Amino acid sequence: MAFWLMKSEPDVFSIDDLAQCPNGTDHWDGIRNYMARNYIRDDMRVGDQVLFYHSNAKPPHVVGLAEIVSEPYPDYTARNPDSHYYDPKSTDDNPRWVMVDVRYVGKLKHTVSLGAIKANPVLSKMMLVTHGRLSICPVTPDEWQEVLAMSEQPETR
DNA sequence: GCCAACGTTGGC
DNA sequence: GCCAACGTTGGC
């Protein structure tokens with residue numbers, strides 16, 4: 001079982017949007033970055049735990065928890081010419097992009113901002129920090145524990 | 001709204 | 001295979 005951080009812009013798809021889906025579950029489509037794709041395709045499995053992150057928020061922050069509830073499967077939006085995520089180079093025989101289904105688990109007691117994560121020496125090697133534009137980041141068990149511990153207390157300044 | 005970082009594309 | 005041009009992400 002692995003840990004992940006998955007980014008979504010709350011104006012586009014927030015954790016509340018996920019919670020309101022049937023069974024709190026939706027497919028995570030639109031990943032069009034090879035590093036992120038490889039993480040999903042090669043390493044994501046049912047039961048993996050997810051930090052749900054709101055990017056492009058003020059401030060950006062970890063807001064809640066989710067879990068992976070499907071194996072990776074082809075991202076069909078790549079085959080839809082009307083989709084924003086259409087990719088003519090992806091075919092039915094050789095799908096280029098994959099996605100998983102994600103289920104809402106719950107919200108953190110307190111959100112954990114990117115600034116607080118960057119200020120925590122324990123988290124200095126988080127891929128969220130070292131690879132700022134990657135939308136699917138692996139999280140180590142230690143990092144997972146630390147973020148959850150931080151969420152127990154409101155941030156001080 | 002700006003722009004730094006960085007991934008992708010395509011000419012050569 | 002290099003690299004310049006370009007597009008996108010996402011923090012600020």
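Throughout, protein chains are lettered first and strands after them, A, B, ... in sequence-line order, and every chain is numbered starting at 1. This one's a predicted model, so the numbers in the text were calculated from it and none came from an experiment.
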ask   = Would you say A:V50 and A:F3 are hydrophobically clustered, going by side-chain heavy atoms of ILVMFWY under 4.5 Å?
value = no
message = With the threshold set at under 4.0 Å for non-hydrogen atoms, list the residues of residues 31-39 of chain A touching DNA chain C in residue-number order.
response = none
message = Strictly by salt bridge (charged side-chain N to carboxylate O under 4.0 Å, His left out), give each pair with a member in residues 110-125 of chain A just once, sequence neighbours left out.
response = none
task = With sequence neighbours excluded, tell me which residues meet salt bridge (Lys or Arg N to Asp or Glu O under 4.0 Å) with A:R41.
result = none
task = For side-chain contact (heavy atoms from CB on, under 4.5 Å), just list the numbers for A:E155 and A:H110, CA-CA rounded to whole Å, side-chain angles, deciding distance to a tenth of an Å, and then say yes or no.
result = CA-CA 8 Å; A:E155 287 179 21; A:H110 304 283; over 6 Å; no
message = Can you list, in residue-number order, the parts of residues 73-80 of chain A that come under 4.0 Å of DNA chain C, counting heavy atoms only?
response = none
key: Exceeds 12 heavy-atom contacts within 6.0 angstrom, atom CD of A:Q153   = no
Using a cut-off of under 3.5 Å, enumerate the N/O to N/O pairs linking the protein to nucleotides 5-9 of chain C.
| residue | atom | partner | partner atom | Å |
| --- | --- | --- | --- | --- |
| C:dT8 | O2 | A:R133 | NH1 | 2.6 |
| C:dT9 | O3' | A:R133 | O | 3.4 |

Protein-nucleotide distance (A:I117, atom CD1; C:dG10, atom P), rounded to Å = 14 Å
inquiry  = The test is side-chain contact (heavy atoms from CB on, under 4.5 Å); show your working for A:L108 and A:L65 and say whether it passes.
reply    = CA-CA 7 Å; A:L108 300 178; A:L65 305 179; 4.0 Å; yes
task = Run the salt-bridge test on A:D92 and A:R79 with the 4.0 Å N-O cut-off and return the result as yes or no.
result = yes
request  = Evaluate whether atom CG of A:D42 has more than 12 neighbouring non-hydrogen atoms of other residues, nucleotides or ligands under 6.0 angstrom away.
outcome  = yes
remark   = Quick note, ring pair (Phe, Tyr, Trp, His ring centres under 6.0 Å) partners involving residues 57-98 of chain A, not counting sequence neighbours, are A:H27-A:Y76, A:Y34-A:W97, A:H54-A:H61
query = Are A:D75 and A:R37 ion-paired here, with the side-chain N under 4.0 Å from a carboxylate O?
reply = no
